[in-house]
Amino acid sequence: MDSRELINRYNAGERDFSGVDLTGASLAYAKLYKISLRDACLARASLGGADLRGADLRGADFSGAVLNRASLACADLQGASLNGASLRETDLFRADLTKASLNDADLHEADLRETSLDNASLERTSLKEADLREASASGANLMASSLIGANLQKTSLDSANLERADLGNTDLAQTNLIYATMPDGTVWE
């Protein structure tokens with residue numbers, strides 16, 4: 001299946017695209033033509049290297065999908081499910097992941113600069129060496145996540161849950177941690 005067929009089938013009312021192979025596909029034009037994949041099921045789909053910049057993916061299900069090296073810059077992923085997804089080296093610059101679920105996801109070396117992760121669930125998520133500079137993760141649940149070597153400069157983690165998170169070699173310069181629950185269970189005030 002190519003991106004044009006996917007859009008045509010979506011516009012015809014189909015929503016389940018589980019396991020589809022769209023490796024390297026380009027849906028970047030989706031925003032230009034106001035095309036939406038809202039609430040689509042792309043669970044276990046192969047989207048490595050795909051171009052989804054600016055796409056409307058609100059409420060979409062990417063559980064277990066492979067999105068390594070994909071471009072999701074400026075994509076709207078509010079309320080999306082990315083549980084167990086592989087997003088290694090993925091470009092999520094300025095994406096909106098508000099209230100998204102990324103439990104057990106792999107975001108190793110992902111670009112999350114200026115991304116909104118407010119009230120998102122990231123339990124047991126790997127954010128090793130990820131770039132989260134100036135991101136907002138207010139109220140996010142990062143319990144038991146790995147942030148080893150991540151760049152959190154100027155990131156807002158107010159009221160976030162970092163209990164049992166691994167913050168080894170993490171850059172926390174100018175990070176807002178007001179009312180955040182720290183790895184040892186204490187609340188930062």
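Looking only at distances, no side-chain donor or acceptor of D158 sits under 3.5 Å from a matching main-chain atom of I178. Using modelled atom types, one side-chain atom of Y10 and one backbone atom of R38 make a donor-acceptor pair closer than 3.5 Å. Side-chain atoms of D118 come within 3.5 Å of backbone atoms of S138 as a donor-acceptor pair (strictly under, hydrogens ignored). When atom types are taken as modelled, the side chain of N103 and the backbone of E123 share a donor-acceptor pair closer than 3.5 angstrom. Under the 3.5 Å distance criterion, the side-chain polar atoms of S145 are matched with a main-chain donor or acceptor of T125.
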**Report entry** Full working for side chain to side chain contact (heavy atoms under 4.5 Å, CB included) between T170 and T175
**Finding:** CA-CA 11 Å; T170 300; T175 299; over 6 Å; no
Requested in this report: Starting from the C-alpha separation in whole Å, work towards a yes-or-no answer on side chain to side chain contact (heavy atoms under 4.5 Å, CB included) for M182 and L177.
Outcome: CA-CA 9 Å; M182 300 309 288; L177 292 164; 4.2 Å; yes
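Minimum interatomic distance between A100 and L77 (heavy atoms only, all atoms of both residues): CB-O, 3.8 Å. Closest approach of L167 to P183, counting heavy atoms only: CD1-CG, 3.7 Å. Shortest non-hydrogen contact noted between L157 and A180 is O-CB, 3.5 Å. Nearest heavy-atom pair, A75 versus L57, reported as atom, atom and distance to 0.1 Å: CB-CD1, 4.4 Å. Scanning all heavy atoms of the two residues, the minimum distance from T155 to E134 falls at OG1-N, 3.8 Å.
Remark: L122 CG to L102 CG distance equals 5.0 Å, nearest 0.5 Å. The distance from the CG atom of D16 to the CG atom of D39 is 12.5 Å, given to the nearest 0.5 Å. Between L37 atom CG and F17 atom CZ the span is 7.0 Å, to the nearest 0.5 Å. With rounding to the nearest 0.5 Å, the separation of CZ in R88 from NZ in K128 is 8.5 Å. Here L22 contributes atom CG and D51 contributes atom CG; the two are 12.5 Å apart, rounded to the nearest 0.5 Å. Once rounded to the nearest 0.5 Å, the distance linking CZ of R69 with CD of E109 reads 9.0 Å.
Between L107 and T90, every side-chain heavy-atom pair lies at or beyond the 4.5 Å cut-off. Using a 4.5 Å heavy-atom cutoff, the side chains of R94 and C74 are in contact. No side-chain heavy atom of K99 sits less than 4.5 Å from a side-chain heavy atom of Q78. Between D104 and N83, every side-chain heavy-atom pair lies at or beyond the 4.5 Å cut-off. Contact annotation: the side chain of R53 never approaches that of D91 to less than 4.5 Å [non-hydrogen atoms, C-beta and beyond].
Applying the side-chain hydrogen bond (donor to acceptor under 3.5 Å, both in side chains) test to N176 and every residue at least two apart in sequence or in another chain returns nothing.
Note: the hydrophobic cluster containing L47 also contains I7 (ILVMFWY, side chain heavy atoms under 4.5 Å, direct or indirect links). Under the 4.5 Å side-chain heavy-atom criterion for Ile, Leu, Val, Met, Phe, Trp and Tyr, F62 and L6 are members of the same hydrophobic cluster. With hydrophobic clusters built from ILVMFWY side chains whose heavy atoms lie under 4.5 angstrom apart, M143 does not share a cluster with L147. Under the 4.5 Å side-chain contact rule for hydrophobic residues, L97 and V66 do not share a cluster. F93 and L117 are assigned to two separate hydrophobic clusters, defined by single-linkage of ILVMFWY side chains at heavy-atom distances under 4.5 Å.
Within a 6.0 Å radius of CG in N169, other residues, nucleotides and ligands contribute 12 heavy atoms or fewer.
A donor and an acceptor atom, one from each side chain of N161 and T181, are nowhere located under 3.5 Å apart.
D2 and R4 are not joined by a salt bridge, as no carboxylate oxygen comes within less than 4.0 angstrom of a charged side-chain nitrogen.
When the options L132, D131, L112 are evaluated for a side chain to side chain contact (heavy atoms under 4.5 Å, CB included) with L92, the one that passes is L112.
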